[in-house]
Amino acid sequence: MNRGRAGFALVAVLWLGGGLSVLMIAAVAPLTIVRYAAENRIELTRSRWAAQACMALVEAAEGGTAPGSPLDSVALGEGVWCSVESLRPDERVNPNRTDSTGLARLLADSVRTASLLDWIDSDDTPRMGGAEVEWYRAAHRASPRNGPLRDPAEIRLVRGFEELTVEELEAAFTTRGNGSISPNRAPRWALETLTGVPRQMAARLEGRRVEVEMSSAEQVVAVLGLDPTIREFRTMSERLSFDE
């Protein structure tokens with residue numbers, strides 16, 4: 001009998017302890033949710049303030065920055081930075097959207113071209129002259145992303161691009177936009193990446209746009225006196241941007 005009562009008492013204590021634990025969790029849970037909600041509201045407010053501050057910096061800088069040069073990054077506190085670029089995406093080259101021929105024209109370096117394409121593609125088979133995961137592991141370096149670049153500065157991780165500065169990369173590359181190039185604004189080296197436009201024709205295009213603003217791929221072909229194949233014209237049309 002005593003042993004049975006002791007067992008009953010133990011079970012009762014365990015049930016009581018479990019019940020108190022549930023009550024404590026039930027009491028604490030709403031407080032935790034409230035705290036997280038408050039922290040989220042604070043972060044949201046900070047983000048809004050940071051966005052407004054960044055926009056104010058952009059508006060203040062307009063008209064005071066040389067065309068084509070990025071505005072300096074400004075720390076807004078709590079690890080938040082405002083970095084503004086005066087170049088539009090269609091004035092630079094997007095490696096994620098440019099074909100191998102265009103990149104080869106731009107880089108004029110087979111090793112760099114192959115390595116950049118290897119970094120972006122989804123497989124681990126290196127191109128001739130390129131580099132995939134085995135090469136980076138042997139060099140004790142970060143492995144290729146095997147996906148689209150997230151930022152131009154990431155290109156410094158690619159074999160052959162180590163010596164380039166972030167400023168140089170951001171002036172030439174972008175990861176924003178759809179990869180199109182503006183024939184009315186893009187520099188000659190960016191125009192040279194266009195399939196169907198011979199490299200020597202890029203300089204002519206850069207000069208002729210001073211006289212006439214082009215509004216279609218057909219007009220670009222006419223201005224340059226080109227006779228592209230159907231495939232070349234289709235590819236060129238997809239890469240041209242006429243947005244103002």
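Model, not experiment: these values are computed from the prediction.
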Inset, instruction - Look at the side-chain heavy atoms of Ile, Leu, Val, Met, Phe, Trp and Tyr, link any pair under 4.5 Å apart, and say whether Val223 and Phe242 land in one connected group. - result: yes
Legend entry - Exercise: identify the closest heavy-atom pair between Glu132 and Asp123: OE2-O, 2.9 Å
Inset, instruction - Please answer whether the main-chain N or O of Ser215 pairs with a side-chain N or O of Gln219 as donor and acceptor at a distance below 3.5 Å. - result: yes
Legend entry - Lys/Arg N to Asp/Glu carboxylate O, Glu211 vs Arg208, below 4.0 Å: yes
Inset, instruction - Grab the two heavy atoms, one from Phe161 and one from Ile155, that are nearest each other, plus how far apart they are. - result: CB-O, 3.2 Å
Legend entry - Given Arg199, Met201, Gln200, the one that forms side-chain contact (heavy atoms from CB on, under 4.5 Å) with Val197: Met201
Inset, instruction - Quick one: pull up CG in Leu191 and CD in Glu91 and give me the separation to the nearest 0.5 Å. - result: 10.5 Å
Inset, instruction - Could you tell me which non-hydrogen atom of Ile120 sits nearest to which non-hydrogen atom of Pro95, and how far apart they are? - result: CD1-O, 3.8 Å
Inset, instruction - Check whether any side-chain N or O of Arg105 sits under 3.5 Å from a backbone N or O of Glu192 as a donor-acceptor pair, and report yes or no. - result: yes
Legend entry - Which atom of Arg127 lies closest to which atom of Asp118, heavy atoms considered: NH1-OD1, 2.9 Å
Legend entry - Interatomic spacing from CD1 in Ile181 to CD in Glu238 - rounded to 0.5 Å: 14.0 Å
Inset, instruction - Taking atom types as modelled, find out whether Asp99 and Thr195 have a side-chain donor-acceptor pair closer than 3.5 angstrom. - result: yes
Legend entry - Atom pair OG1/CG of Thr235 and Leu240 - distance to nearest 0.5 Å: 10.5 Å
Inset, instruction - Using a 4.5 Å cut-off on heavy atoms from C-beta on, say whether the side chain of Val93 contacts that of Trp189. - result: yes
Legend entry - From Leu106, Leu116, Leu103, residue fulfilling side-chain contact (heavy atoms from CB on, under 4.5 Å) relative to Thr98: Leu103
Inset, instruction - Identify whether Leu149 and Val111 are in the same connected component of the hydrophobic contact network (ILVMFWY, side-chain heavy atoms under 4.5 Å). - result: no
Inset, instruction - Over all heavy atoms of both residues, which pair between Arg92 and Phe173 is shortest? Give the atoms and the distance, please. - result: NH1-O, 3.5 Å
Legend entry - Gap between atom CE of Met236 and atom OG1 of Thr229 - 0.5 Å precision: 9.5 Å
Inset, instruction - Side-chain contact test, heavy atoms from C-beta onward, threshold under 4.5 Å: evaluate it for Asn94 versus Pro89 and give yes or no. - result: no
Legend entry - Stepwise side-chain contact (heavy atoms from CB on, under 4.5 Å) check, Val158 with Tyr136: CA-CA 9 Å; Val158 180; Tyr136 289 95; 3.8 Å; yes
Legend entry - Heavy-atom donor-acceptor pair, Ser115 side chain to Arg112 backbone, under 3.5 Å: no
Legend entry - Sub-4.5 Å side-chain heavy-atom contact between Ser241 and Asn178: no
Legend entry - CD/Glu134: more than 12 non-hydrogen atoms of other groups inside 6.0 Å: no
Inset, instruction - Measure across Ser100 and Thr113 and return the closest heavy-atom pair with its distance rounded to 0.1 Å. - result: O-CG2, 4.2 Å
Inset, instruction - Sequence neighbours left out, what pairs pass side chain to side chain donor-acceptor pair (under 3.5 Å) with at least one residue falling in residues 150-163? - result: Trp119-Glu154, Arg141-Glu162, Arg145-Glu154
Inset, instruction - Indicate yes or no: at least one non-hydrogen side-chain atom of Val166 is less than 4.5 angstrom from one of Pro152. - result: no
Legend entry - Asn184 side chain to Met214 backbone, donor-acceptor under 3.5 Å: yes
